[in-house]
Amino acid sequence: MRSSILRRLLMVVITIVAGGLVSATLVRCAPGFGADERQLDSRLSNDTINAIQTSHADERNIVRFFFASVCKTLRGDFGVSRSLNRPVRQLLQERAAVTAALAGKGLALSWLAAALMIFASRFVPTPALGISVTLLSGALLCLPAGVLALLAILFNQPAYLVIALIVYPKVHRYLSNMVEAVRGMPHILTARAKGASESRVFLWHVVPVIKRDVLALAGVSIGIAISASIPVEALCGIPGIGQLSWQAAMGRDLPLLNNVAMLVIGCVVLANSGADLLGEEPRQSS
Amino acid sequence: MKRLRLAAAILACVLVLISVAGSFVPRFDYARQDREHVGSRPSSGHWLGTDDLGRDRFARLLQGTRISILLAPSAAVVSMLLAFAIGAVPGFAGGFAERAAVTAIDLVLSIPWLFLLLIVRAMLPLNTSPAASVTITFLVLGLLGWAAPARILLARARSVRQAEFIILARSTGIAPYRLLYRHVIPNLRPILLAQFWISVPIFILSEANLSILGLGVAEPLPSLGSLLRELETVLSLRADICRFAPLVMLVVIVSSLQIAVSGREVPS
C-alpha cells in the first residue's frame with residue numbers, strides 16, 4: 001500500500017513538473033514573447049527601458065527559467081504576475097477558494113442528479129422517463145460549455161448550475177452503463193431469485209461491484225469540472241482559477257501561467273490518483 | 001436504433017450538402033453588408049434577419065456550418081494520423097517505445113483538454129487573417145486531440161502484436177512494412193474509423209468553445225462557434241429569437257453526428 005502511494009505521488013510530481021515545463025515552453029515559443037508595452041511609454045528614460053528589457057533576459061532560457069521558478073516555488077515564492085501586477089501566491093490563494101466552491105457545488109449537484117435519475121429509472125422504469133432522461137443527457141452533451149454559461153447569464157442562473165449541467169451527462173452516461181453492465185451478473189440474478197428487494201440488491205450487490213469504477217469516474221469528473229470552469233468563469237465574470245488562467249493565457253503572463261498550469265494539472269492528477277488509490281482492493285495476507 | 005442512426009447520418013449529409021450548395025448561390029454572401037437593414041427581423045430578403053453589421057444571418061449560418069462541418073473532419077484526420085504514429089506504432093513495436101508512448105499519452109490526458117487548448121491557442125498569433133485563424137484553430141484541435149484515440153489504438157495494437165496470425169506471419173519471414181500494411185493496419189482500421197467519427201463532434205464543440213472565448217475563427221469569417229458570440233449581447237436577445245439559429249444548428253449537427261456514430265465506440 002505504502003509503495004503504491006509513493007509510486008503515485010512520484011507520478012503526480014513528474015506530471016506536474018512536465019506539464020509546467022510544457023506550458024512554459026509554449027509561452028516562450030509564442031510570438032511576441034518578451035515584448036512589454038511599457039517599452040512604448042515615451043515618459044520612461046532609456047535606462048528604465050533597458051532595465052525592463054534585462055528583466056526579461058533571465059526568461060530567455062526556458063529550462064533555466066522553469067527550474068529556477070520551481071526552486072522558488074518550493075521556497076514559497078511564486079513570483080509576481082506581470083499582467084495583474086500582484087503576487088501570484090496571493091492571486092492563487094484568493095481564486096482557488098472561488099473555483100473550489102464553484103466546482104464543488106457543481107460536482108455535488110451533478111452527481112446527485114445522476115444518482116437520482118438512475119434510481120428513478122431503476123425503481124420507476126417507465127418508457128417516458130427513460131426517453132426524457134436520455135434526451136436531456138443527449139441535448140446537454142451537444143452544448144458547448146460557453147453556450148451554457150451564456151444561457152446562465154441570460155436566465156439569471158448560478159454558475160455552479162452550468163458546471164453541474166456540463167458534468168451531469170457524462171456522469172449519468174457512465175454510471176448508468178456501469179449499473180446496466182452489473183444487472184445481468186449471476187450473483188444479482190441469484191439475489192433476485194431469493195426474493196431480495198430492489199433496493200437491497202442495489203445497495204448490497206450492485207454498489208460494491210461498481211465502487212471502484214465510480215471512484216475512478218469521480219476523479220475524472222473533477223477534471224471535467226475544472227476544465228469547464230474556464231469558459232464559465234471567463235464568461236460569467238467569476239474571479240476564480242479558470243478566469244485567472246484565461247487572463248494569464250491572453251496576457252502571456254509567464255509566471256502566472258506556469259503556476260496556474262501546475263496547480264490545475266496537480267489538482268487533476270491528484271484527484272485521479274486519489275480515486276485510483278481509494279479504489280484499490282486491500283491485499284489479503286496469506 | 002439502426003434506423004435512427006441512418007436517419008441521423010442522412011440529416012448530417014443533408015446539412016453538409018445545403019451548406020456547400022449555399023456557397024454557389026450569389027445572394028448568400030456572408031460578408032456583404034446591407035446598411036439599410038441593420039439588425040433587422042426576418043424578411044423575404046433576409047430569412048433569419050441581419051446582424052448588428054447588417055450581414056445576412058442565414059448566409060453566415062450556411063458559411064459557418066460549412067467551415068465547421070468540413071474542417072472538423074480535417075482536424076480529425078490530423079489527429080488520427082498522430083494517434084496512429086504515437087499510439088499504434090509503439091503499441092505494435094512494444095518495449096521501451098510502448099512504455100514511452102503510454103507515459104506521453106497519460107501526461108497529455110492528465111491536462112484538462114480545454115485548458116491545454118486555451119494555452120496553446122493563446123500562444124499563437126491572434127492578429128492573423130481570417131483564413132489563417134481558421135487554419136490555426138482547427139490545426140491546433142487536430143494536433144492536440146490525439147491522446148484519447150492513441151490510448152485506444154495502443155491497446156488494440158498491443159493485442160494485435162500478440163495475436164497468433166501475426167506470430168505466424170512473422171515466422172514466414174514477412175517484411176516489417178508488409179506486416180504493417182497487410183496485417184496490422186486492416187485490424188486497426190475499424191478503431192481508427194470509429195475514433196475519427198467520435199472526434200468530429202468533439203472538435204466542433206471545442207471550436208465553438210474557443211470561438212466564444214474569442215480565440216477561434218476571426219471576423220468576418222463565421223464558424224458555428226463565432227456565430228454563437230451573438231448570444232453575448234444579452235440585453236437585446238429577448239427581442240430576436242433568430243440569434244439562437246446557430247445554437248439550434250450546432251445542436252442538430254452535433255447530435256446527429258453523435259447518434260450516427262453511437263455504437264461505434266467498441267467496434268467488433
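Below, all heavy atoms of this structure are taken into account, side chains as well, without hydrogens, waters or symmetry copies.
The candidate with the highest count of non-hydrogen atom pairs below 4.5 Å against chain A, out of Asn209(B), Leu114(B), Val251(B), Leu117(B), is Asn209(B). Between chain B and the options Ala271(A), Ser245(A), Ala18(A), the largest number of non-hydrogen pairs under 4.5 Å is found for Ser245(A). Of the residues considered (Leu143(A), Val147(A), Val269(A), Leu141(A)), Val147(A) shows the highest number of contacts with chain B, using heavy-atom pairs under 4.5 Å. Most heavy-atom pairs under 4.5 Å with chain A: of the set Leu107(B), Leu213(B), Val254(B), this distinction falls to Leu213(B). Taking Ile226(A), Ile14(A), Val268(A) one by one and counting their heavy-atom pairs under 4.5 Å with chain B, the maximum is reached by Val268(A).
Heavy atoms of Val220(A) lying under 4.5 Å from chain B are absent altogether. Heavy atoms of Leu235(A) lying under 4.5 Å from chain B belong exclusively to its side chain. Ile224(A) does not touch chain B: none of its heavy atoms, backbone or side chain, sits under 4.5 Å away. With a 4.5 Å cut-off on non-hydrogen atoms, Leu247(B) touches chain A through its side chain but not through its backbone. Using a 4.5 Å cut-off between heavy atoms, Ala261(A) contacts chain B through both its backbone and its side chain. Contact annotation for Ala234(A): only side-chain heavy atoms (C-beta onward) come within less than 4.5 Å of a heavy atom of chain B.
By the 6.0 Å contact criterion, OH on Tyr174(A) is open, its count of non-hydrogen atoms from other residues, nucleotides or ligands being 12 or less.
For Gln195(B) and Ser199(B), the side-chain atoms include no donor-acceptor pair closer than 3.5 Å. A donor atom on one side chain and an acceptor atom on the other are found under 3.5 Å apart for Trp113(B) and Ser206(B). Remark: the Glu207(B) side chain and the Ser223(B) side chain contain an N/O donor-acceptor pair separated by less than 3.5 Å.
Applying the side-chain contact (heavy atoms from CB on, under 4.5 Å) test to Ile10(B) and every residue at least two apart in sequence or in another chain returns Leu6(B), Val14(B).
With respect to Glu219(B) and Arg60(B), a salt bridge is recorded, a charged nitrogen being found less than 4.0 Å from a carboxylate O.
Residue Ile105(B) is tested with Leu109(B), Val102(B), Thr103(B) for a side chain to side chain contact (heavy atoms under 4.5 Å, CB included); the sole match is Leu109(B).
Each side chain to side chain donor-acceptor pair (under 3.5 Å) pair with one or both residues in residues 145-171 of chain A, not counting sequence neighbours, would appear here, but there are none.
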